[in-house]
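Since the structure comes first, as structure tokens, the remarks are kept for the end.
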Amino acid sequence: MSKGLPPKDSDFSAWYNAIVSKADLAEHGPVKGTMVIKPYGFQLWDNIKEIFDKMIKATGHTNAYFPLFIPKSYLAQEAEHVDGFAKECAVVTHTRLKADPEKGIIVDPESKLEEEVIVRPTSETIIWAMYKKWIQSYRDLPILINQWANVVRWEMRTRLFLRTSEFLWQEGHTAHATAEEAQKETLDILELYRQLAEDYLAMPVLTGFKSEAEKFAGANKTYCIEAMMGDKKALQAGTSHNLGQNFAKAFDVRFQTKENTEAFVYATSWGVSTRLVGAVIMAHGDDKGLRLPPKIAPIQVVIIPIARDEAQAEMVKKYLQPVRDSFEEKGIRYHEDWTDRSPGFKFNEWEMKGVPLRLEVGPRDVENNKAVLARRDNGDKNIVSLEEAKESIPNLLEEIQEGLFSQALQFQKDNTHTVETYDEFKAQIKKGGFVRCGWDGSPETETAIKNDTKATIRCIPLDENPLELTCIYSGKPALHEVIYAKAY
RNA sequence: CGGGGCGUGGCGCAGUCCGGUAGCGCACUUGGCUGGGGGUCAAGUGGUCGCAGGUUCAAAUCCUGUCGCCCCGACCA
């Protein structure tokens, strides 16, 4: 492994790839666009998963599991939905291999399937085919189900964590008796996503909804959280869809109301994926590597013992016992690095991996009843007593969590601009960041701007105020106030 | 789908133009001295050169075919 990272400011993309590899998060699988998530990277996802799993269970949702394989015909049921996914579906056509004297092993032509099977790009279709069986009466509603699963989208261009052919996510699928209830669910989940991003990943987000062009195929309305990455580009970090009655109609899911009338069910679906890991990297990382928010860091404190012989090692080990006890008691995730690499090597290594706090303990410290405590977020390094260290660490972790958030928030604010003319708009987009402006609501304007500048409408913020605005492009009165940016 | 690049020890590469039996850095192993910001010295391990065919006394190198991956673009969450 060579030293250091390419500087973040000169080549963000190379910096990102290097961090994923050097922090030991993931690597490419043998099949194009696939990703092996390595233990350290997976722990990060696992922590995110655990947090969100608790959130949705606390709000009445339960987990279930639906199959990976979906009959090809299901996808055809909802017209817009097909359009959205048809081009990137993996299709299973055969069920057997057989030995071949010349080529080693071949697909057995005899095993061709009558009806081909697709690998889920998302599960709306199979879930609504099942919900049809489960729903007859208003008494069966609402259904509030989530599943943790993998999905496959055969992408042209892939990047580890941000867009891979197969990725892990959660997909929530709910069924409701009324449009109001479905709308409330959609927004409640959006709020949970905001909390997940801001309170746990320390990543400020904008909440809003998508334009027609950008929304999920099959949804009436797509809400999203959008975050700003370190290169000032936007990343969609989570989506919550109000599906209206589209899937109910496609799969003929009706129920009897209290008043004994018949009605189609209202639906929502929502998801966040392993892309969040990429988001954390790009939102907080620096030239030394990852910087992890303590709440999701696999290791919150790394202890680097320093000793030149067995006797000193024993001494340090003993000296650390109260620290261990304190960490265990307080539920702090820690790791002691006793490998025989040099201390300097370990400092760099654990900084690359983004561990929020480092505690150095050597013979000198044992003698003076001290330790060196270093912060990853700002590089501060202090000599403290062991007592002080034990006392201050929980608070420091909180400080770091908040510090990362406020740093990212400041960055987002510094790079968000309001513009009034198209010239200003183009100049600002060129510099990067979010641009807030008026839009006349027409797809023509949206397309024209996209072709002209490569920027897209990231969202129409929930707190928009289009009343006094005119469209940046056409000069007509604005229908919406929108956030424009170049996006991942 | 279009353009470009690359397949040689675990990783990164040189060697290919001009054919002569494979080399460098990192990593790895063992030992010594070291250890508070990527230590150092010494001795080692490891490769049918992506695959298949051809030319040749001889192929990593030349020819033909084939497979795969990466990057940029187009498309798309």
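Note that the structure is predicted; figures quoted are calculated from it, not measured. So that the names make sense, note that chain A is the first sequence line, chain B the second, and so on, each numbered from 1.
Within the nucleic acid shown, A:Glu351 comes within 4.0 Å of at least one base atom, counting heavy atoms only. Using a 4.0 Å heavy-atom cutoff across all strands shown, A:Gln236 reaches at least one base atom of the nucleic acid. Using a 4.0 Å heavy-atom criterion, one finds that A:Arg159 contacts no nucleic acid atom at all. Across all strands shown, A:Arg153 has heavy atoms under 4.0 Å from sugar-phosphate atoms exclusively, and none from any base. A:Ala307 comes within 4.0 angstrom of a nucleotide base, judged by non-hydrogen atoms across all strands. Contact annotation for A:Lys454: backbone-only contact, meaning every heavy-atom pair under 4.0 Å involves sugar-phosphate atoms and none involves a base.
For residues 80-97 of chain A, the set of pairs meeting the salt bridge (charged side-chain N to carboxylate O under 4.0 Å, His left out) definition, not counting sequence neighbours, comprises A:Glu80-A:Lys215, A:Arg96-A:Asp108. Counting only residues at least two apart or on different chains, the side chain to side chain donor-acceptor pair (under 3.5 Å) pairs with a member in residues 228-238 of chain A are A:Lys210-A:Gln236, A:Asp231-A:Tyr488. A ring-ring contact (aromatic ring centres under 6.0 Å, His included) check over residues 335-369 of chain A, counting only residues at least two apart or in different chains, returns the pairs A:His335-A:Trp350. Pairs engaging residues 226-246 of chain A under the ring-ring contact (aromatic ring centres under 6.0 Å, His included) rule: A:Phe216-A:His241 [sequence neighbours left out].
Nearest to the side-chain atoms of A:Met352 among the listed nucleotides B:G35, B:C76, B:G38 stands B:G38. Distances were taken from every side-chain heavy atom of A:Arg341 (C-beta onward) to each of B:C28, B:G36, B:G38; the shortest belongs to B:C28. For A:Arg157, counting side-chain heavy atoms from C-beta on, the closest listed nucleotide (B:C71, B:G36, B:G38) is B:C71. Here the side chain of A:Asp365 is nearest to one of B:G37, B:G38, B:G36, namely B:G36.
Under a 4.0 Å N-O distance rule, the pair A:Lys353/A:Glu351 does not qualify as a salt bridge.
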Under 3.5 Å, sequence neighbours excluded: what are the donor-acceptor pairs made by side chains of residues 454-462 of chain A?
unit_1, atom_1, unit_2, atom_2, d
A:Thr456, OG1, A:Arg458, NH1, 2.7
A:Arg458, NE, A:Glu226, OE1, 3.4

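By the salt bridge (Lys or Arg N to Asp or Glu O under 4.0 Å) test, A:Lys486 is found to be paired with no residue, residues two or more places apart in sequence or in another chain being considered. With sequence neighbours left out, A:Lys249 forms a salt bridge (Lys or Arg N to Asp or Glu O under 4.0 Å) with no residue at all. A:Glu310 is linked by a side chain to side chain contact (heavy atoms under 4.5 Å, CB included) to nothing, counting only residues two or more places apart in sequence or in another chain. Partners of A:Glu155 by salt bridge (Lys or Arg N to Asp or Glu O under 4.0 Å), not counting sequence neighbours, listed by chain and number: A:Arg163.
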Detail all sub-3.5 Å separations between protein N/O atoms and N/O atoms belonging to nucleotides 67-70 of chain B.
unit_1, atom_1, unit_2, atom_2, d
B:C69, OP1, A:Lys32, N, 3.0

What are the atom names and distances for every N/O pair under 3.5 Å that joins the protein to nucleotides 40-45 of chain B?
none

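Contact of the A:Tyr193 side chain with the A:Trp270 side chain is registered, since non-hydrogen atoms from C-beta on lie closer than 4.5 Å.
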In dot-bracket, 5' to 3', how would RNA chain B read with Watson-Crick or G-U wobble pairs under 3.5 Å, [ ] for crossing ones and | for pairs to another strand? ((((((((.[[[[.)....(..]]]].((((((.....)))))).....[[[[[..)....]]]]])))))))....

